[in-house]
Amino acid sequence: MFALKLHTNLAVLQPQKYVRCLPSINYYVNTSNTKPSPPVVGTVNLDHEISNGSNVSLPHKPKQVPAWRPTPSTDSSNLINHYLKLSKVRLTTLVVITSMAGYAVAPAPFEWSTFTLCALGTGLLSGAANSVNQFHEVPFDSQMSRTKNRVLVCGRLTPLHSMLFAAGTSITGLGILYYGVNGLTASLGLANLILYTSIYTPMKRISILNTWVGSIVGAIPPLMGWSACAGTLGPGAWLMAALLYSWQFPHFNALSWNLRPDYSRAGYRMMAVTEPMLCKKVALRHTVALQAISMLAPVLDTTNWWFLLEVTPLNVYFIYLAYKFYEDASSSTSRKLFRFSLLHLPLMMILFLVNKKKWFVFEKTDNSEEQSL
Ligand code: HEM
Ligand SMILES: CC(C)=CCC/C(C)=C/CC/C(C)=C/COP(=O)(O)OP(=O)(O)O
């Protein structure tokens with residue numbers, strides 16, 4: 001089946017649907033064994049998802065759309081953009097930032113070489129993980145408004161392309177981490193790649209516990225950064241991981257609230273759909289946990305007390321938004337909580353960096369003592 005997936009175009013992977021792709025590409029995908037019918041040309045309604053097995057009479061006033069051919073775009077800039085989307089580049093960027101913060105906070109000399117190689121390796125592995133994730137989820141992404149324009153769903157890249165990309169980036173990323181950084185960091189990266197693609201992704205359709213597993217996936221990159229710098233994992237590393245672990249619950253539970261129809265239609269098991277009260281409680285609980293963990297940071301010497309003073313207002317506002325979401329879960333309160341989560345995490349990481357004097361430490365000296373200004 002996997003081989004079949006690799007060597008066919010989207011026709012077999014997709015349920016028989018007209019799937020609208022940005023901005024004006026529609027295509028008819030035929031899941032029967034016959035050769036896929038020629039793409040629909042001419043006039044289809046862009047605001048309509050239609051499922052059928054034969055010619056379709058479109059009820060609405062149609063708009064002209066170009067013919068679509070299931071071949072990946074050859075324009076190089078477009079192609080790069082497709083692979084960036086396959087890697088979920090904005091999510092991957094923030095993942096890399098968390099690994100950089102883990103590196104910068106670790107109690108060992110700062111080395112630009114391993115810092116850069118760790119960031120590069122983490123980014124490549126995250127791109128590979130997201131590529132495999134999207135490869136597996138094409139039939140379901142095509143059923144959700146949020147994801148039906150994704151590159152694999154729209155045929156801008158083929159499944160084979162995505163898996164070759166994943167293979168290349170994962171092998172390169174692991175090589176960079178193992179030979180350029182250390183074995184522990186490479187092992188953490190490989191474990192995370194397997195956890196996300198082979199456990200979390202299938203689990204999304206089985207149990208609401210997938211979110212707890214996904215939060216472990218997001219908590220590992222700071223451990224990778226710490227281990228890249230220090231070669232081991234101290235208490236501060238686990239503190240950074242705990243912050244990331246807790247941050248993901250308000251982040252996702254808020255987002256998923258507005259996506260309940262999508263997740264339900266596509267058959268995903270999410271708290272927001274099956275356990276709405278738990279969804280709200282867990283989001284609130286973990287914003288409070290973020291403040292509790294932040295108070296531990298200076299105690300464990302992961303950072304200083306200025307960090308706690310500066311991060312507390314951020315955490316308190318996060319708690320306030322989570323409480324509003326808990327009190328009255330709506331598209332407005334959920335959107336505010338999700339959007340603030342995307343501000344809270346980078347700001348918290350910056351406060352770790354700003355309050356860690358380590359930036360003034362240069363390369364290791366001969367006796368590997370830290371040399372600071
Ligand atoms: C349980 C773990 C997580 C879940 C279930 C989750 C889920 C999601 C989903 C469904 C989206 C919307 C993506 C889209 O519509 O294309 C999203 C957006 C985002 N997530 Fe998460 N996420 C998790 C953890 C993380 C982590 C660990 C990070 C980074 C450290 C992160 C960073 C982002 C960013 C930056 C966006 C905005 C992406 C964009 O606008 O393109 N997420 N998340
Ligand atoms: C080093 C390494 C391997 C890092 C991996 C980092 C990474 C990919 C974190 C993602 C965390 C996560 C669970 C995102 C949601 O995916 P989703 O599938 O629920 O999102 P979707 O519904 O938008 O596809």
Side-chain angles (χ1 to χ4, degrees), residues 84-102 118-138 140-141 143-153 166 169-170 173-174 176-177 185-205 208-225 228 240-241 243-259 262-263 266 268-272 282-283 286 338-339 341-346 348-349:
L84 287 175
K85 286 184 177 171
L86 188 66
S87 308
K88 295 183 197 168
V89 62
R90 286 194 286 246
L91 180 146
T92 290
T93 303
L94 192 47
V95 165
V96 171
I97 289 172
T98 65
S99 74
M100 289 171 156
C118 175
L120 184 58
T122 304
L124 286 168
L125 287 183
S126 179
N130 284 309
S131 180
V132 174
N133 166 273
Q134 290 186 57
F135 168 82
H136 285 304
E137 296 196 326
V138 165
F140 316 114
D141 280 347
Q143 300 174 52
M144 298 196 292
S145 320
R146 172 178 66 87
T147 53
K148 68 183 176 184
N149 301 319
R150 286 187 164 172
V151 289
L152 288 180
V153 177
T169 48
S170 51
L174 285 170
I176 287 172
L177 292 178
T185 308
S187 307
L188 286 168
L190 176 61
N192 212 23
L193 179 65
I194 294 168
L195 185 63
Y196 181 64
T197 56
S198 310
I199 298 176
Y200 168 75
T201 300
M203 206 170 162
K204 287 170 70 178
R205 309 187 58 74
I208 63 169
L209 292 177
N210 73 74
T211 308
W212 279 264
V213 174
S215 295
I216 294 171
V217 174
I220 287 176
L223 292 179
M224 293 171 67
M240 296 283 284
L243 284 170
L244 255 298
Y245 180 81
S246 283
W247 172 84
Q248 292 167 88
F249 288 98
H251 166 75
F252 175 65
N253 287 15
L255 173 84
S256 61
W257 192 263
N258 283 336
L259 300 173
D262 258 2
Y263 277 129
Y268 284 111
R269 308 283 298 165
M270 297 297 173
M271 268 185 268
V282 167
H286 279 279
F338 170 68
R339 284 179 177 164
S341 77
L342 297 180
L343 191 62
H344 176 276
L345 183 59
M348 183 166 66
M349 294 296 113

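Note that the structure is predicted; figures quoted are calculated from it, not measured. We count ligands from 1, going down the list as the structure has it; atoms in each ligand are counted the same way.
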Heavy atom of the protein closest to [atom] (residue, atom name, distance):
{"atom": "atom 26 (C) of ligand 1", "value": "W247 CZ3, 3.6 Å"}
{"atom": "atom 19 (O) of ligand 2", "value": "Y200 OH, 2.6 Å"}
{"atom": "atom 16 (O) of ligand 1", "value": "R150 NH2, 3.1 Å"}
{"atom": "atom 4 (C) of ligand 2", "value": "N192 ND2, 3.3 Å"}
{"atom": "atom 7 (C) of ligand 2", "value": "V217 CG1, 3.9 Å"}
{"atom": "atom 10 (C) of ligand 2", "value": "L91 CD2, 3.9 Å"}
{"atom": "atom 37 (C) of ligand 1", "value": "L342 CD1, 4.0 Å"}
{"atom": "atom 18 (C) of ligand 1", "value": "F338 CZ, 3.9 Å"}

If you measure from each heavy atom of Y200 to ligand 1, is any distance below 4.0 Å? yes
If you measure from each heavy atom of Y263 to ligand 1, is any distance below 4.0 Å? yes
Is it the case that Y268 and Q143 place a side-chain donor and acceptor less than 3.5 Å from each other? no
Under 4.0 Å from a heavy atom of E137: give me the atoms of ligand 2 that qualify, with their elements. 18 (O), 24 (O)
Considering the heavy atoms of L193, write down every atom of ligand 2 situated less than 4.0 Å from one of them.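 Those qualifying, in numeric order: 3 (C).
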[X]-ligand 2 polar pair, N/O distance under 3.5 Å:
{"X": "R150", "value": "yes"}
{"X": "R146", "value": "yes"}
{"X": "K204", "value": "yes"}
{"X": "N130", "value": "no"}
{"X": "N133", "value": "yes"}

Does any N or O atom in R146 lie less than 3.5 angstrom from one in ligand 1, N or O only?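 Min N/O separation from ligand 1 is below 3.5 Å for R146.
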Below 3.5 Å, N or O to N or O, backbone or side chain included: is there any such pair between R90 and ligand 1?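 Yes, there is a polar N/O contact under 3.5 Å.
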Considering residues, nucleotides and ligands other than R205, do more than 12 of their heavy atoms fall under 6.0 Å from its CZ? yes
C118 backbone acceptor or donor facing T122 side chain under 3.5 Å: yes
Per the side chain to side chain contact (heavy atoms under 4.5 Å, CB included) rule, which among [options] passes with [X]?
{"X": "Y245", "options": "V217, I220, I216", "value": "I216"}
{"X": "L86", "options": "N133, T169, V151, N130", "value": "V151"}
{"X": "L195", "options": "L193, T197, N192", "value": "N192"}

Roughly how far, to the nearest 0.5 Å, is the [atom2] atom of [Y] from the [atom1] atom of [X]?
{"X": "T92", "Y": "I97", "atom1": "OG1", "atom2": "CD1", "answer": "11.0 Å"}
{"X": "L223", "Y": "L188", "atom1": "CG", "atom2": "CG", "answer": "6.0 Å"}
{"X": "S170", "Y": "L125", "atom1": "OG", "atom2": "CG", "answer": "7.0 Å"}
{"X": "L243", "Y": "M349", "atom1": "CG", "atom2": "CE", "answer": "6.0 Å"}

I need the atoms of ligand 1 closer than 4.0 Å to a non-hydrogen atom of [X], numbered in the order shown.
{"X": "S215", "result": "1 (C)"}
{"X": "T211", "result": "1 (C)"}
{"X": "G214", "result": "1 (C), 2 (C)"}
{"X": "V95", "result": "29 (C), 30 (C)"}

Partners passing ring-ring contact (aromatic ring centres under 6.0 Å, His included) against Y196 (at least two apart in sequence or in another chain): Y200
Start with the C-alpha gap between N210 and M270, add the side-chain angles, then the distance that decides, and say whether side-chain contact (heavy atoms from CB on, under 4.5 Å) holds. CA-CA 8 Å; N210 73 74; M270 297 297 173; 3.7 Å; yes
Do the non-hydrogen side-chain atoms of [X] and [Y] ever get within less than 4.5 Å of each other?
{"X": "E137", "Y": "T147", "value": "no"}
{"X": "W247", "Y": "H286", "value": "no"}
{"X": "L345", "Y": "L244", "value": "yes"}
{"X": "W212", "Y": "M203", "value": "no"}

For Q134 and K85, what are the C-alpha separation, side-chain angles and deciding distance, and is it a side-chain contact (heavy atoms from CB on, under 4.5 Å)? CA-CA 10 Å; Q134 290 186 57; K85 286 184 177 171; over 6 Å; no
Start with the C-alpha distance between L342 and R90, add both sets of side-chain angles, then the distance that settles side-chain contact (heavy atoms from CB on, under 4.5 Å), and finish with yes or no. CA-CA 10 Å; L342 297 180; R90 286 194 286 246; over 6 Å; no
For ligand 2, is there an atom lying under 4.0 Å from some heavy atom of Q134? no
Heavy atom of K88 under 4.0 Å from ligand 2?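 A heavy atom of K88 does come that close to ligand 2.
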For ligand 1, the portion of L345 having any non-hydrogen atom under 4.0 Å away: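 Side chain only; the backbone of L345 stays clear of ligand 1.
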Do R150 and D141 pass the salt bridge (Lys or Arg N to Asp or Glu O under 4.0 Å) test, and can you show the C-alpha distance, the side-chain angles, and the key distance before you say yes or no? CA-CA 8 Å; R150 286 187 164 172; D141 280 347; 3.5 Å; yes
Check atom 21 (Fe) of ligand 1 and write out every protein N, O or S atom at under 2.8 Å, as residue and atom. H251 NE2
Kindly determine whether R146 and Y263 satisfy side-chain contact (heavy atoms from CB on, under 4.5 Å), including the steps that lead there. CA-CA 10 Å; R146 172 178 66 87; Y263 277 129; 3.3 Å; yes
Which option, S99, A191, S126, owns the non-hydrogen atom nearest atom 6 (C) of ligand 2? S126
Ligand 2 contact on Y196 by region, counting heavy-atom pairs under 4.0 Å: side chain
